[in-house]
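Beneath this line is the structure, given in structure tokens, with notes to follow.
Just so it is clear, the structure is predicted and the values come from calculations on it, not from any experiment.
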Amino acid sequence: MTAQDATTRSIDPPEPDLAPGEMIARATALRGALRERQDECEVLGRLPDATLQDYLDAGLYRIMQPRRFGGYEFDLDTFLRVTVELSRGCPSSGWVFGLMATHNLIAGLFEEQAQVELFGDGDFRCPLSAIPAPALRVDGGYRITGWWDYSSGCDVSTHFIGATVVSTEPGGEPVDTRFMAMRRDQFRIVDNWDTLGMRGTGSRRVVVEDLFIPEHHTVPSPNPARTIVEFPGRGLHPNPMFHGSIGSLLISEPTAVCVGIAQAAIDDYIENLATKHQWGPMSPKRSQLPVFHGLLGEATAYVDTAEATLHQVAQIWTERARRAMETGEPVSDEEDRRLILIEQQIVQLASKAVETIFRTSGSSAANKGRRIERYFRDLNMVRTHVTLQFERTWENVGRMRLGLQPEMPF
């Protein structure tokens, strides 16, 4: 392909007139089917084929994809609302969507030639792992032999983006960090995902052996010495979202999943209260007892606050992205981390709701295979994610507000 081909290549989205509200409605309509497939998803340890086809038919993975390359370029709030709805149907299935779909925006930050090659016919599904593997700089690019764990959705992906630490000689000192994109036929998958929760996410290990990655299939990545990076394709698309901050964008993914799980738990709790007796068939239904009215109200308060705050995060993120595009000044590291603080507190609110519901649903709700049991496992599994350890973010933001350097990435 010539340079001229690269600068003129474009792909129309499947439905050029599709609106964000219709996309959200499609996700909402899938909720029942996803809920029915929860057991299948968990047993398979990956997204069921029928669910993947539903996602493709609805165009879900194109939400934040550049319009020039077959996407819809909908805003962050649309992505988050869709993630909540899918996760409300099935936490693992929502995770496989949420932990991949914003990476279409990340691919839109690579240089133009790379975007032409990566997006191809417009079907782009890509996990990303920020835990770096070693890469060796060579003529024209890099060679990698290594692996990345927690590659959610790799079984149903078309590509993968992995973080790397670059050296100029084998075993040498690091000189750079970069994100590197590769096709599905360039890596293999090792099934090492056997966990308490989120069992259906397929968050397995991606392995490459002496793989050559051309320079233009890489971009700079944040590191402790360089938290704000300049991406070569940032100005290629006119939408301000391509100027948004990366850390809070990526952490919005699991945050939205947690809100969806908490909404699902409330759905199940209402059914529980309406059908179960307090002590046995001679006792009143739980829905008749004031104590459960209060508990349902408490859980609702947590989730409604979490969801409202999630939409506010999307608004703040988008406003800052627009400001960065207009002024040329990137979103600051402190601004990004303080938005991450809010996202982490959203997760805490969702967790309080699920814990309250699990504790008061009765012992039978903890039986294996019950939905409340799954939601409790899944949400607590999400909370172990390295980016959601709020104590670290508290410390880093506190240091920055005192004029000190942060000590950790998040």
Side-chain angles (χ1 to χ4, degrees), residues 34-52 55 83 86-101 103 125-133 144-163 182 184-209 250-251 253-258 260-262 264-265 268 347 350-351 354-355 358 363 365-389:
L34 297 180
R35 195 163 285 175
E36 291 302 314
R37 295 173 192 156
Q38 284 184 10
D39 290 342
E40 179 188 5
C41 184
E42 187 161 294
V43 170
L44 288 173
R46 61 170 176 80
L47 206 65
D49 292 342
T51 299
L52 175 60
Y55 285 7
T83 303
L86 299 177
S87 302
R88 190 171 177 176
C90 172
S92 287
S93 299
W95 181 275
V96 173
F97 167 78
L99 272 288
M100 291 173 71
H103 306 158
R125 292 167 269 136
C126 183
L128 181 151
S129 177
I131 301 175
I144 316 172
T145 295
W147 49 265
W148 297 267
D149 278 339
Y150 314 120
S151 303
S152 301
C154 57
D155 293 284
V156 296
S157 68
T158 62
H159 293 77
F160 175 76
I161 295 175
M182 59 201 74
R184 175 63 187 88
D185 62 352
Q186 293 178 308
F187 62 84
R188 62 184 177 90
I189 297 170
V190 174
D191 186 2
N192 65 339
W193 184 248
D194 185 13
T195 57
L196 172 71
M198 304 304 287
R199 294 174 178 170
T201 62
S203 301
R204 299 180 169 91
R205 175 176 292 181
V206 162
V207 180
V208 296
E209 296 167 359
L250 296 177
I251 297 173
E253 303 165 355
T255 303
V257 173
C258 289
I261 295 172
D268 200 74
V347 174
S351 177
V354 173
E355 287 173 358
F358 179 78
S363 298
N367 289 340
K368 186 177 180 181
R370 293 292 298 269
R371 286 177 181 156
I372 285 292
E373 179 261 352
R374 176 172 291 128
Y375 301 150
F376 182 78
R377 286 190 289 108
D378 284 350
L379 193 139
N380 279 284
M381 186 69 202
V382 174
R383 291 178 67 199
T384 68
H385 199 282
V386 64
T387 64
L388 300 180
Q389 307 306 306

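Heavy-atom neighbours of F358 CZ from other residues, nucleotides or ligands within 6.0 Å: above the threshold of 12. Summarising the local packing, CG of D194 is surrounded by 12 or fewer heavy atoms from other residues, nucleotides or ligands at distances under 6.0 Å.
Judged purely by distance below 3.5 Å, without hydrogens or angles, the side chains of S93 and R37 never pair a donor atom with an acceptor atom.
The side-chain contact (heavy atoms from CB on, under 4.5 Å) search around E36 returns R371, not counting sequence neighbours. Partners of R46 under the side chain to side chain donor-acceptor pair (under 3.5 Å) rule, at least two apart in sequence or in another chain, are D49. Among residues two or more places apart in sequence or in another chain, the side-chain contact (heavy atoms from CB on, under 4.5 Å) test is passed with A365 by S361, I372.
The shortest heavy-atom contact between R377 and L196 is NH1-O, 2.7 Å. Residues G202 and C154 share a closest heavy-atom pair of O-SG, 3.6 Å.
At a threshold of 4.5 Å between non-hydrogen side-chain atoms, the residues Y375 and P91 count as touching. The shortest distance between side-chain heavy atoms of W147 and V190 does not fall below 4.5 Å.
One N or O on the side chain of T158 and one on the backbone of R125 form a donor-acceptor pair closer than 3.5 Å. In this structure, Q389 contributes its side chain and H385 its backbone to a donor-acceptor pair below 3.5 Å.
Here the two rings, on W148 and F160, have centers that are under 6.0 Å apart.
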